[in-house]
Amino acid sequence: MGLMTTMRKRMHIVLWGLLFMFLLSMTIGGLVGGADIVGHLLGRVNPATTIARINDRDISPDLYQNLVNQEIEKVRSSGQELKEFHFQRARSTAWDNLLQDVLVTQEVNRLGLAASDEEVLFHLENEPPSFLQQNPTFQTDGQFDKEKYLKALASPEGDEWVPIESFLKNTYIPNFKLQQFLDQSIIIKEDDIKTEFKKRNIKYSINAIHIPNDAIISSISNPSDDELLLNYNDSKDDFKHGELRNILYCYWKKEPSQEDSIKIKSLANELTVRARNGEDFSNLANEFSQDPGNQTSKNGGDLGWFKRGRMVKPFEEAAFKAKKGSITDPISSRFGYHIINVLDKRKNKNNEDEVLASHILLKIETSATSLSNLKRDATLFSYDAQDIGFKAAIDTNKIEYFEQKGLDESSFSIQRLGSFRNAVQFAFQNDINSVSSILENDQYYAVFKVESIIPPGFKAFEDVKNQLLSKAQKILEKEATLQKANTLLLEITADEKSLLDAKVDEKINVIKKETKTISQGFSSIGKSNYINGALLSGSLGKIIGPLETPRGHALIEILEISPYDSTEFEVQRETLKKNLFNQNQRQVFDSWLDDLKNKAIITDNRKYYY
């Protein structure tokens, strides 16, 4: 078999994914074909042809949608049922990846980071990228076989290496050089390595008192409205908003009708009779059961042995009540109707009752007829609302309507209805009093009306009052736990008591002689930089604190510190240094990329599409 054929059949998916992304990046690399050059020079962006402009690069809707489709395909190939939130997440991920790819490519070009043919050959021969090393074609017993790899490299059977060479020259090596450029700012000091070693290896035995926020909540008085209003005025810029919409809407939930329930119950009764009359229960389960486990494995509805507490209550009660060898009447639960075949009963080693059973699950699902009826009702209401007005149609059809105030253009959801991006688009693409045609998401049909438009400004105090209150409460809680910790510390030191002699409320957590490393964290206290620093610099027998924790404040007494093992440090030294370097490398890159994003001139037209 030729090498290229073998590679196409066996090469790790990462390689072909990278090559595909490279081809996409080549498409991204210039103005989209057919772009309006004059408009481009004048800074105009036509949403019909350009879904985004990132600095001087125009992105076509087709390119972006291809990236979205890749993300959707990942979900579909995993076997998940596609929901609206999957599409939202796919669009967000595709956008983040696209933005990063374009900005990185622009910066690579600005820095003049290119690769020569000699550099491509050097990397192929001496430093093959990981996706080549992980390719099964070049492995022996699961490990990269350099001899096999170099033999394939030296004996091409065609042009199989051309796309790989292009990828290395145009994408991999320039990006490799960029990473080297960024890595120059990373300095790992010897003290950093020793500190990391101590955090991972030195064990501290401590006594501690931890005052969590919830231990003092009852003693905190909420700030007054006047105090919150003062905070609001001081931080008013945090509550700026663009143009908003107030909307009215009514909805029809896509749920089974009474006829759907009757039909499924009738089928459940029929299958029960057939099973009791001697038809093979396993065959019936394989044909009719909608239990996901049975649908994939066709196991005859087998549930194995189970004890109480494993199944939903109605199922459990019926199964344990039924006699061995019997088939129950259809049992209703939140999953649908169950027909249970009780095969055996026993006591387990803990003297608990167990049942061996199989079952048939029939889900009560919304039929096509029911959906059609709901859609017809919603459509007729939409016609009425457009003809005689929304509220008049509400009165005529005798249905309930709802209101959402302050809808933001970037929103994805509607109160009560969940994700409903097309409703948000309707609200911002239409004038006051406009009534939508029927719109839908996974769970609802709905009709919307643009009730009013709120110009750009500041959110009203009443709208952000709870947000201000929550923020103020967190500050007061932190101050109260600090005050309580200081009070306890004064009592302990004044009376020359030990930490564990202090009288504390039952809501305050006492930790007695717990031994852990800093990296593991201590019970109740958790991890914090304040705790890390205090333990690393602390001494035996001394009470340290108060120290801020993620949930309050703590007092700590160090009882024992395990010895520093210099030999073990040398063993771990290079691994620790590498780990620290990798952490810093990610942080440096993220910071650098954030800076590029902040400086970039970006026009985002996705709102016209999604």
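Residues Q467 and Y232 bring no donor and acceptor atom of their side chains to less than 3.5 Å of each other. Under 3.5 Å, the side chains of S410 and D408 contain a donor-acceptor pair of N or O atoms. N69 and E73 share no donor-acceptor pair across their side chains, judged by distance under 3.5 Å alone. Using modelled atom types and a 3.5 Å distance limit, the side chains of Q179 and D183 yield a donor-acceptor pair. For N55 and Q106, the side-chain atoms include at least one donor-acceptor pair closer than 3.5 Å. With no hydrogens or angles considered, no side-chain donor-acceptor pair links Q88 and S92 at under 3.5 Å.
Ring geometry for F138 against W161 counts as parallel: the plane angle stays under 30°, on a 0 to 90° scale with 60° as the upper cut. In this pair, F176 and Y172 present their aromatic rings parallel. The plane angle is below 30°, not in the 30 to 60° band.
No more than 12 heavy atoms of other residues, nucleotides or ligands sit less than 6.0 Å from atom CD of E147. Residue D594 qualifies as enclosed at atom CG: its count of foreign heavy atoms under 6.0 Å is above 12. Within 6.0 Å of atom OH in Y530, 12 or fewer heavy atoms from other residues, nucleotides or ligands are found, so the atom counts as exposed in its surroundings. Within 6.0 Å of atom NZ in K597, more than 12 heavy atoms from other residues, nucleotides or ligands are found, so the atom counts as buried in its surroundings.
Contact of the R421 side chain with the K607 side chain is registered, since non-hydrogen atoms from C-beta on lie closer than 4.5 Å.
With hydrogens and angles disregarded, no donor-acceptor distance shorter than 3.5 Å links the side chain of T93 to the backbone of A90. Looking only at distances, no side-chain donor or acceptor of S382 sits under 3.5 Å from a matching main-chain atom of A378. With hydrogens and angles disregarded, a donor-acceptor distance shorter than 3.5 Å links the side chain of S166 to the backbone of V162.
Residues K254 and T366 come closest through the heavy atom pair O-OG1, 3.4 Å.
Here F167 and F131 bring their ring centres to under 6.0 angstrom of each other. F87 and Y610 have their aromatic ring centers separated by at least 6.0 angstrom.
Looking at residues two or more places apart in sequence or on another chain, you find a side-chain contact (heavy atoms from CB on, under 4.5 Å) between V571 and E568.
Relative to the six-membered ring of F335, K363 misses at least one condition, a distance below 6.0 Å or an angle of at most 45° to the axis.
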